[in-house]
Amino acid sequence: MTSTLLSQFTTAAVGGPAGTFIEARTEADIIDAVRTADAAGEPLLIISGGSNLLISDDGFPGTVVRIASEGFTVNAEDSCGGVAVVVQAGHNWDKLVEHAVLHAWSGIEALAGIPGSTGATPVQNVGAYGSDVSQTIAAVRTWDRERNAVKTFTNSELKFGYRDSILKQTTINGSPRYVVLTVEFQLPIGRMSAPIRYAELARSLGVEQGKRAYATDVRREVLRLRASKGMVLDPADRDTFSTGSFFTNPIVPAEVAEALPEGAPRYPAGQDGLVKLSAAWLIDQAGFGKGFGLEPGSVSGGRASLSTKHTLAITNRGSAKAADVVAVAREVRAGVERRFGIELHPEPLLIGLEL
Ligand SMILES: Cc1cc2nc3c(=O)[nH]c(=O)nc-3n(C[C@H](O)[C@H](O)[C@H](O)COP(=O)(O)OP(=O)(O)OC[C@H]3O[C@@H](n4cnc5c(N)ncnc54)[C@H](O)[C@@H]3O)c2cc1C
């Protein structure tokens with residue numbers, strides 16, 4: 001029997017073989033596959049779009065369940081309460097955003113172009129351009145592997161934070177306690193977007209920050225800006241063979257932020273005077289410019305490098321292994337720590353790997 005190579009299911013195109021690989025296309029299949037693996041005491045890895053996972057070259061020795069359920073149901077639609085839409089976990093996120101914008105369901109347009117599935121969006125509270133899914137998710141229905149029962153979380157029970165939620169906090173090595181089955185969004189009806197919170201996006205739309213624009217324009221501008229940074233999947237562009245941002249933006253006490261050079265971007269982090277920094281800026285200023293690692297004599301032999309469009313993405317140039325991506329990540333993280341004394345933390349889940 002030939003084993004399934006996980007590199008074909010990850011956007012960084014790295015990852016070794018799965019012990020057992022199951023594609024689950026319905027909610028019943030998902031629950032069945034998870035229960036069977038759990039009953040057999042098998043280690044379990046859940047993947048969907050594979051866009052936020054870095055899987056070791058040794059692969060995963062247990063059962064890998066790929067969530068591939070599709071479709072959505074509109075439960076309610078009226079001008080007062082908006083749209084309540086229940087989306088299957090494996091449904092492609094960007095396709096949902098496109099449908100929403102075309103049908104005048106407002107609120108998720110700034111999240112266009114983010115790869116992966118809808119079921120993964122609450123896991124790390126997916127966000128971009130001043131928006132995140134915590135603003136529109138009403139509830140998440142899950143399979144609780146500890147209690148062997150369905151559990152539904154309301155928005156406040158999900159404990160959303162910056163790239164964080166209870167679903168992520170209870171995941172160990174890619175093995176979640178709660179497997180997402182469906183996600184319910186509550187979206188206002190209208191052709192206008194949510195207020196534009198991100199300065200760069202407001203500028204490119206020609207609106208003041210905090211004002212609204214047509215949602216179709218917001219989606220178009222976001223896709224354009226993202227593509228210019230290699231942040232929209234494109235099989236013809238090696239800069240997009242990544243896990244997106246490899247490091248989260250560090251959140252530090254005010255005195256640490258103040259000690260940085262004058263030009264360092266600093267944003268209020270919304271809690272106890274903490275400050276959010278730009279990981280991309282820190283990486284660049286520590287001497288790792290766009291394309292770092294491309295030289296044949298470099299740390300990964302040129303097989304993996306920082307994107308030539310953005311310093312925050314580590315990309316597979318064609319023949320990289322997970323070990324090559326990790327080598328670049330270690331070099332960058334150590335350099336930022338040496339230069340600024342700030343530790344960077346990876347955003348993707350590392351499976352069978354450590355930095
Ligand atoms: C080019 C590029 C750009 C990106 N830009 C952004 C961005 O702007 N903002 C952002 O937030 N992220 C971004 N990402 C990261 C990624 O797209 C998101 O995190 C996305 O939600 C991951 O979805 P996925 O289906 O690919 O998840 P996977 O990578 O398959 O899985 C990620 C994690 O979620 C878990 N998971 C997946 N499905 C389920 C489920 N049904 N139930 C429970 N756990 C589950 C997995 O076990 C794993 O721990 C980017 C990635 C790439 C490659």
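These numbers come from the heavy atoms of this one structure, side chains and all, not from hydrogens, waters or symmetry mates. This chain uses plain numbering: 1 for the first residue, then up along the sequence. Here the structure is a predicted model, which is why all the values come from computation and not from measurement. Order of listing sets the numbers, starting from 1, for every ligand and every atom in it.
Both the backbone and the side chain of Ile46 come within 4.0 Å of ligand 1, judged by heavy-atom distances. For Lys168, no heavy-atom contact with ligand 1 is shorter than 4.0 Å. Both the backbone and the side chain of Ser117 come within contact range of ligand 1, each with a heavy atom under 4.0 Å. Under 4.0 angstrom from ligand 1, there are no non-hydrogen atoms of Thr142. Neither the backbone nor the side chain of Trp93 comes within 4.0 Å of ligand 1, counting heavy atoms alone.
Taking only nitrogen or oxygen atoms, main chain and side chain alike, Pro115 reaches within less than 3.5 Å of ligand 1. Between Gly230 and ligand 1, not a single N/O pair is under 3.5 Å apart. Distances between N or O atoms of Asn52 and those of ligand 1 include at least one value under 3.5 Å. Polar contact check, Thr11 against ligand 1: no nitrogen or oxygen pair lies under 3.5 Å apart. At least one N/O-N/O distance between Gly49 and ligand 1 falls below 3.5 Å. Between Met231 and ligand 1, no N or O atom pair is found at a separation short of 3.5 Å.
Every atom of ligand 1 is numbered from 1 in the order shown, and the set under 4.0 Å from a heavy atom of Ala128 is 8 (O). If you number the atoms of ligand 1 from 1 as listed, the ones under 4.0 Å from a heavy atom of Gly50 come out as 24 (P), 26 (O), 28 (P), 29 (O), 30 (O). Against a heavy-atom cut-off of under 4.0 Å, Gly116 is close to the following atoms of ligand 1: 23 (O), 24 (P), 25 (O), 26 (O). Ligand-side atoms of ligand 1 in range of Tyr178: 43 (C), range being under 4.0 angstrom from any heavy atom. Heavy-atom proximity to Ile47, at under 4.0 Å, picks out these atoms of ligand 1: 30 (O).
Of the protein's heavy atoms, Leu53 CD2, 3.7 Å lies nearest to atom 48 (C) of ligand 1. For atom 21 (O) of ligand 1, the closest heavy atom belonging to the protein is Val126 CG2, 3.2 Å. Counting only heavy atoms of the protein, atom 12 (N) of ligand 1 lies nearest to Gln124 NE2, 3.3 Å. Nearest non-hydrogen protein atom to atom 13 (C) of ligand 1 is Ile114 CG2, 3.9 Å. Closest protein heavy atom to atom 27 (O) of ligand 1: Ala120 CB, 3.5 Å. At the shortest separation from atom 16 (C) of ligand 1 among protein heavy atoms lies Ser51 OG, 3.2 Å. For atom 30 (O) of ligand 1, the nearest protein heavy atom (residue, atom name, distance) is Ser48 N, 2.7 Å. Regarding atom 33 (C) of ligand 1, its nearest protein heavy-atom neighbour is Leu349 CD1, 3.9 Å.
Residue Arg226 places a heavy atom under 4.0 Å from ligand 1. Using a non-hydrogen distance threshold of 4.0 Å, Arg163 registers as a contact of ligand 1. The closest approach between a heavy atom of Phe9 and any atom of ligand 1 is not below 4.0 Å.
Remark: of the listed residues Arg224, Arg226, Lys229, Lys229 is the sole one forming a salt bridge (charged side-chain N to carboxylate O under 4.0 Å, His left out) with Glu200. The one candidate from Val83, Val86, Thr118 that meets the side chain to side chain contact (heavy atoms under 4.5 Å, CB included) condition with Phe185 is Thr118.
Taking the six-membered ring for Trp and thresholds of 30 and 60 degrees, Phe72 and Trp105 have ring planes more than 60 degrees apart, a perpendicular arrangement.
A 6.0 Å sphere centred on OH of Tyr214 holds no more than 12 heavy atoms belonging to other residues, nucleotides or ligands. At most 12 non-hydrogen atoms from other residues, nucleotides or ligands lie less than 6.0 angstrom from NZ of Lys159. Annotation for Glu208: atom CD does not count as buried by contact number, only 12 or fewer foreign heavy atoms lying within 6.0 Å.
Donor-acceptor pairing under 3.5 Å is recorded for the side chains of Ser175 and Arg145. At a cut-off of 3.5 Å, with distance as the only test, a side-chain donor of Ser48 or Ser117 sits close to an acceptor on the other residue. Residues Gln135 and Ser131 have side chains that bring a donor and an acceptor to within less than 3.5 angstrom of each other. Between the side chains of Thr311 and Asp284, no donor-acceptor pair is found at a separation under 3.5 Å. The closest side-chain donor-acceptor pair between Thr63 and Glu42 falls under 3.5 angstrom. A side-chain N or O of Arg317 and one of Thr315 form a donor-acceptor pair less than 3.5 Å apart. With no hydrogens or angles considered, no side-chain donor-acceptor pair links Glu347 and Thr248 at under 3.5 Å. No side-chain N or O of Gln124 forms a donor-acceptor pair with one of Asp164 less than 3.5 Å apart.
Using a cut-off of 4.0 Å between Lys/Arg side-chain N and Asp/Glu carboxylate O, Asp217 and Arg220 are scored as salt-bridged.
Among Ser245, Gly127, Gly244, Gly174, the residue whose heavy atom sits closest to atom 7 (C) of ligand 1 is Gly127. Selection from Asn125, Leu167, Val180, Leu44 by nearest heavy atom to atom 41 (N) of ligand 1 gives Val180. The closest non-hydrogen atom to atom 34 (O) of ligand 1, taken over Asp237, Val123, Leu350, comes from Val123.
Note that Lys290 lies outside the cation-pi zone of Phe292, set by a 6.0 Å cut-off to the ring centre and a 45° limit from the axis.
When side chains are defined from C-beta on, Phe247 counts as touching Arg333, because their heavy atoms get closer than 4.5 Å.
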